[in-house]
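What follows is a single structure, written as structure tokens, with notes after it.
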Amino acid sequence: MNDASVTIVQNTEHSPTFRELSFTWDASLGRPRAGQFLELRLPGTTAPLLRRPFAFSAYDEENQTASFVYEVRGTTTQLLSTMEPGMPLQILGPLGNMFHAKTKGVIAVGGGIGLGPILYAAHQLSPHHDLTLVTGYRSQESIPYSLYTPSCPPSICTDDGSAGVKGNVVEYLESLPQERFRDTTILACGPHPMLAALASFSNAVGCTCLVSMEEMMACGIGACMGCVIDRTDGTKARVCKEGPIFNSGEVVWT
Amino acid sequence: MNDASVTIVQNTEHSPTFRELSFTWDASLGRPRAGQFLELRLPGTTAPLLRRPFAFSAYDEENQTASFVYEVRGTTTQLLSTMEPGMPLQILGPLGNMFHAKTKGVIAVGGGIGLGPILYAAHQLSPHHDLTLVTGYRSQESIPYSLYTPSCPPSICTDDGSAGVKGNVVEYLESLPQERFRDTTILACGPHPMLAALASFSNAVGCTCLVSMEEMMACGIGACMGCVIDRTDGTKARVCKEGPIFNSGEVVWT
Amino acid sequence: MDLRVRIGNKHLQTPVGVASGTFGYGEEYEPFLDLDSLGAIYTKAISLLPRQGNPTPRIVETPSGMLNAIGLANVGADAFITEKIPYLARLSSCAVIPNISGKTEQEYLDLVEKLDPYDTLWGYEINLSCPNVKKGALAFGTDPAQVESITRKLRDLTEKPLIIKLSPNVTDIACIAQAAEAGGADAVSLINTLVGMVIDTRAKKPFLANKTGGLSGPAVRPIGVAMTYKTARSVDIPVIGMGGITCADDAIQYLLAGASAIQVGTWNFIEPATAGEIATGIQAYMKEHALSTIADFHNCID
Amino acid sequence: MDLRVRIGNKHLQTPVGVASGTFGYGEEYEPFLDLDSLGAIYTKAISLLPRQGNPTPRIVETPSGMLNAIGLANVGADAFITEKIPYLARLSSCAVIPNISGKTEQEYLDLVEKLDPYDTLWGYEINLSCPNVKKGALAFGTDPAQVESITRKLRDLTEKPLIIKLSPNVTDIACIAQAAEAGGADAVSLINTLVGMVIDTRAKKPFLANKTGGLSGPAVRPIGVAMTYKTARSVDIPVIGMGGITCADDAIQYLLAGASAIQVGTWNFIEPATAGEIATGIQAYMKEHALSTIADFHNCID
Ligand SMILES: Cc1cc2nc3c(=O)[nH]c(=O)nc-3n(C[C@H](O)[C@H](O)[C@H](O)COP(=O)(O)OP(=O)(O)OC[C@H]3O[C@@H](n4cnc5c(N)ncnc54)[C@H](O)[C@@H]3O)c2cc1C
Ligand SMILES: Cc1cc2nc3c(=O)[nH]c(=O)nc-3n(C[C@H](O)[C@H](O)[C@H](O)COP(=O)(O)OP(=O)(O)OC[C@H]3O[C@@H](n4cnc5c(N)ncnc54)[C@H](O)[C@@H]3O)c2cc1C
Ligand SMILES: Cc1cc2nc3c(=O)[nH]c(=O)nc-3n(C[C@H](O)[C@H](O)[C@H](O)COP(=O)(O)O)c2cc1C
Ligand SMILES: Cc1cc2nc3c(=O)[nH]c(=O)nc-3n(C[C@H](O)[C@H](O)[C@H](O)COP(=O)(O)O)c2cc1C
Ligand code: FES
Ligand code: FES
């Protein structure tokens with residue numbers, strides 16, 4: 001875990017919804033793993049005040065760069081989208097735990113801005129696992145085709161059917177044969193309702209499901225107790241420290 | 001007076017101290033005059049909150065651009081110095097009154113970040129007046145030579161004598177022959193002590209002295225009563241509205 | 001859809017006003033918005049005699065906020081009557097509400113008596129809460145008994161809407177609001193500025209000549225919303241909310257918290273056109289959320 | 001040059017501490033700074049029994065600030081003793097100061113009695129001012145008589161330094177500080193958070209599950225400095241100032257305002273190394289301005 005000033009290398013629009021930011025990442029800062037995140041801050045202002053968490057979408061060891069995928073939603077991402085290569089960013093990371101799979105099969109499911117860490121996980125696991133990448137979008141125009149790599153071809157779902165399969169990612173999984181979930185782990189990142197649906201789906205088909213949870217964070221390092229979720233054993237867990245990756249069975253879905 | 005979004009055209013370092021920002025300035029926004037200022041805001045944040053006043057240093061009617069000269073001092077100017085051409089700025093202006101001279105002779109005196117409006121005044125008045133441009137600096141290295149134009153060659157003073165005449169601008173004026181001040185107006189912008197010294201100097205030599213005053217501003221348009229100075233007649237005047245240019249004789253110098 | 005707000009025996013055409021001390025007497029903002037589109041202009045504080053106000057620096061920026069110690073600099077009641085009322089009289093649909101500031105109880109009474117004959121003036125906002133005037137209104141504004149008593153005396157002097165403006169520098173603002181209500185106020189407005197200080201460490205002295213100033217701007221918005229929420233649940237008269245409003249969404253936070261009207265203050269300095277745009281934003285929100293009156297905002301949050 | 005600060009019968013090695021609730025029990029910050037370089041760690045609030053705290057969302061950002069409604073989530077006194085004290089005992093020069101939080105007067109007394117035998121604990125910060133606990137400490141913190149009474153009872157239980165932490169949500173914080181002094185407190189610390197609220201206009205409900213939260217961060221700094229200034233002029237015991245400190249210059253504002261020590265709170269979340277750097281900045285300032293003790297800061301501004 002490190003607190004570093006890094007430099008923007010690229011700030012690319014891949015679709016009207018998705019942008020990707022690449023920045024210098026010195027090896028000494030620690031190797032970021034799929035599922036881990038960083039806490040980003042724009043220098044020079046106190047508004048936005050809090051750092052914002054973004055999950056790594058890639059790490060290029062050779063060129064010493066790392067990336068995340070983002071969507072412009074509010075104050076930080078709005079300002080971020082105007083920033084140019086060469087400008088500095090404050091980054092704290094890598095933070096949190098990571099995706100992993102002990103099974104032969106892996107189904108990596110990304111919805112919305114959950115795309116980044118899922119791409120990274122798919123990229124890392126595809127050589128060693130029987131991997132299916134499933135990504136869901138509202139409609140065709142938001143799809144960031146240029147973020148995909150030939151080594152991990154995606155199944156694409158759109159709500160309106162304008163590209164790929166019509167329907168959401170859960171409906172897509174339901175359409176797969178039951179055998180596909182044998183000796184398989186589902187890895188998922190996306191909106192809360194999607195994760196909740198995947199939790200009950202995986203429960204039904206009897207496979208492990210790891211979800212990346214999202215909560216408002218102040219510190220990102222486990223100190224403020226701001227980002228907790230309820231666990232089925234009655235305790236609370238910090239998304240930034242015990243997570244962000246949880247077994248879907250240990251999360252209380254509300 | 002207008003509230004407009006303009007685009008940065010150039011953001012140039014002229015010396016370690018002085019930078020110049022040029023931006024689009026549509027003629028419909030009103031022709032900025034020497035001595036007038038604008039209120040600048042960086043979009044997307046509330047910290048810095050208040051707009052900051054900057055005096056116009058140039059207006060290029062043909063290319064529809066305007067400029068000011070600035071020094072990195074605090075929050076706004078720090079962020080400004082990292083901004084690139086193409087980025088947007090919020091600008092309110094032109095605001096305030098302007099430099100003028102009814103005399104044949106004009107001595108334009110700039111100290112520190114008072115340079116911008118003085119360059120503009122000198123540039124505008126030199127064709128019609130017998131003009132001397134005097135600018136003061138701490139030492140040689142801060143001098144932004146590339147801001148000067150051949151049509152208005154400056155007399156340069158430095159505190160340490162590393163360039164031009166050793167001493168401050170007031171000492172320089174004191175060294176000039178008394179006749180130079182006959183039928184002459186001094187126009188000045190710079191630190192408060194410099195203006196105060198010029199006020200008593202001009203009083204002594206009996207010529208008019210117009211000074212550009214600086215106060216903290218909230219609104220810049222005369223509404224908040226934040227930027228007042230004391231006048232010798234016992235009233236207060238708003239720097240943003242009745243000023244920023246005042247006859248040095250009407251100002252209470254403290 | 002009805003944007004009108006009833007206060008006492010009158011209506012404001014929209015809930016959107018501009019806060020005292022941040023809008024002068026209106027003239028300066030004419031280039032930026034149609035003043036007659038506003039619900040109300042709350043004027044700079046008016047005192048019986050003209051006041052020069054505090055020495056400079058009167059203003060300093062703070063994180064997402066500012067301190068001011070203008071010191072109620074104003075033209076005084078006579079000049080207000082001769083110079084400002086004629087200008088403001090040209091407004092047809094926007095309510096002109098003088099902000100009344102005294103050093104003594106008597107001064108408040110004298111001011112209302114003096115201004116009451118002028119029909120152009122829609123009502124009064126009684127500033128019991130300016131933290132910058134020495135020996136000033138601070139005492140009134142923090143003591144419920146005094147607030148009730150002065151409100152009652154003012155009530156006897158005028159039939160026009162009487163709005164008591166409350167200080168946030170108190171343990172329990174709702175209890176002060178109840179005192180104003182008991183005294184016969186038609187509405188309360190809140191919040192005025194919070195006492196703050198910035199020290200210039202290089203000069204080793206307070207940055208403001210007055211030492212302390214009043215904090216306003218986006219920084220205080222969560223405080224204003226919380227106090228509005230608490231106050232609106234404690235009185236039956238309308239609450240006029242303010243503090244850090246920069247856009248329609250901020251204004252809507254106040255309306256949902258229980259405010260019947262709002263005021264834009266510091267943000268007038270940053271984006272002078274804003275106050276003219278907020279009513280449209282509120283209307284769009286009402287349409288989207290199927291609200292038909294301002295009162296409908298008050299049923300959303302318990 | 002002497003950076004030490006005397007509080008009661010003990011010294012802090014530097015004026016720079018980290019504020020309760022923003023630094024956990026220290027572990028999380030070890031990668032970023034040398035904990036033993038700090039003057040003091042004020043722990044997350046400790047209650048008699050473990051507390052889960054409030055539901056999420058517990059946090060929301062505001063302009064240059066944040067609201068929190070953690071709800072005093074903490075491990076409880078027993079786990080603090082068995083799990084946290086052994087870790088904190090490894091610190092040699094940094095004072096470990098538990099922040100004591102009760103729901104009733106008795107709970108405060110029980111807590112201090114229970115913790116007093118542990119030599120590792122330097123003293124106590126008594127949190128009379130958390131605005132997020134229902135039926136909680138708010139009542140104590142705003143009533144001078146109760147503050148004096150509980151302070152006196154705590155005073156009888158311990159010889160260690162007793163620091164009373166004050167709420168800013170009061171009309172006159174100096175008068176509460178005087179009550180703490182009268183009750184035998186060795187110092188007062190201020191400010192805790194201000195009550196604030198953010199409303200999610202899309203969902204038409206308060207953003208925090210707890211509805212209101214406590215405002216902290218740079219936004220409140222001018223309020224903290226003003227209250228420190230006022231309080232330091234009203235009591236003879238040391239004042240520990242906080243609220244929005246982000247750097248040495250901010251800390252120096254508090255020292256010049258009259259604080260003898262300071263705490264870094266919210267900014268620990270933004271730049272976790274900051275608290276470790278401020279003492280150096282204070283030293284540089286003292287050198288430049290020829291100050292030789294922290295008390296020298298208090299002679300600069302009247
Ligand atoms: C572990 C983790 C990993 C993440 N990874 C990514 C990633 O890879 N890419 C990505 O794009 N995002 C990611 N996020 C989310 C990301 O942190 C947010 O998208 C980001 O905070 C947006 O920040 P912002 O400042 O632009 O928007 P904000 O201004 O913080 O707004 C964000 C959202 O919250 C809502 N909101 C904010 N304030 C309020 C309010 N006062 N009332 C109501 N609603 C409000 C807004 O509507 C908006 O949709 C991740 C989050 C977590 C916890
Ligand atoms: C009419 C007018 C015209 C101007 N024209 C120009 C111009 O052409 N070029 C130019 O560079 N500037 C000009 N200025 C000044 C310019 O507005 C300031 O330099 C600018 O505000 C600096 O802004 P900033 O946000 O970078 O610094 P700020 O953060 O505002 O700091 C500015 C200065 O104030 C001091 N300061 C700020 N806050 C505090 C505090 N809390 N305590 C103690 N000191 C503090 C700082 O030390 C610093 O030196 C003009 C001012 C006026 C009134
Ligand atoms: C420069 C300035 C001057 C003010 N003058 C007055 C005043 O004369 N009377 C008054 O009641 N409030 C005055 N206020 C307070 C505002 O009317 C308002 O209550 C406060 O600023 C909070 O709103 P805001 O955060 O939107 O600015 C003043 C505020 C500012 C910033
Ligand atoms: C997330 C969070 C949790 C806090 N928890 C406590 C607490 O348990 N006890 C307490 O006395 N103060 C608590 N505080 C208040 C801080 O100690 C401090 O008084 C306040 O945040 C102001 O300082 P700042 O602006 O530097 O954060 C908490 C503050 C925050 C932000
Ligand atoms: S964000 Fe602070 S504990 Fe997780
Ligand atoms: S800055 Fe507001 S009156 Fe001049």
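Residue numbers begin at 1 in each chain, while the letters A, B, ... track the order of the sequences. Being a predicted model, the structure only gives us computed values, none of them experimental.
Put simply, the side chain of C/Gln52 gets close to the backbone of B/Gly234: a donor and an acceptor are under 3.5 Å apart.
At a 4.5 Å heavy-atom cutoff, the contact between B/Gln90 and chain C is made by side-chain atoms alone. The contact between C/Thr266 and chain B is made entirely by side chain atoms (from C-beta outward), counting heavy-atom distances below 4.5 Å.
At most 12 non-hydrogen atoms from other residues, nucleotides or ligands lie less than 6.0 angstrom from NZ of C/Lys205. Dense packing is recorded around CZ of B/Arg231, with more than 12 heavy atoms of other residues, nucleotides or ligands lying under 6.0 Å away. In this structure, C/Glu30 places its CD atom where more than 12 heavy-atom neighbours from other residues, nucleotides or ligands lie under 6.0 Å away. Counting non-hydrogen atoms of other residues, nucleotides and ligands closer than 6.0 Å to CZ of C/Arg202 gives a total of 12 or fewer.
Side-chain atoms of C/Met66 and B/Leu50, non-hydrogen and from C-beta on, do get closer than 4.5 Å to each other. At a threshold of 4.5 Å between non-hydrogen side-chain atoms, the residues B/Ile221 and C/Phe32 count as touching. Side-chain contact check for B/Leu49 versus C/Thr62: every heavy-atom pair is 4.5 Å or farther apart. For the pair C/Pro272/B/Asp3, a side-chain contact is recorded, criterion being any heavy-atom separation below 4.5 Å from C-beta on. At a threshold of 4.5 Å between non-hydrogen side-chain atoms, the residues B/Met225 and C/Arg58 count as touching.
Using a 4.0 Å cut-off between charged side-chain N and carboxylate O, C/Glu271 and B/Arg41 make a salt bridge. The residues B/Arg51 and C/Glu61 are annotated as not salt-bridged, no charged nitrogen and carboxylate oxygen being separated by less than 4.0 angstrom.
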Just do the side chain to side chain contact (heavy atoms under 4.5 Å, CB included) check on B/Cys224 and C/Ile59 with the steps written out, would you? CA-CA 10 Å; B/Cys224 74; C/Ile59 275 174; 3.8 Å; yes
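Chain B forms more heavy-atom pairs under 4.5 Å with one residue of C/Ser64, C/Gly217, C/Ala73 than with any other, namely C/Ser64.
Here the CZ atom belonging to C/Phe207 is positioned 3.0 Å from the CE atom belonging to B/Met216, to the nearest 0.5 angstrom. Rounded to the nearest 0.5 angstrom, B/Cys219 SG and C/Tyr29 OH are separated by 5.5 Å.
Across all non-hydrogen atoms, the minimal contact from C/Thr56 to B/Gly226 is CG2-O, 3.8 Å.
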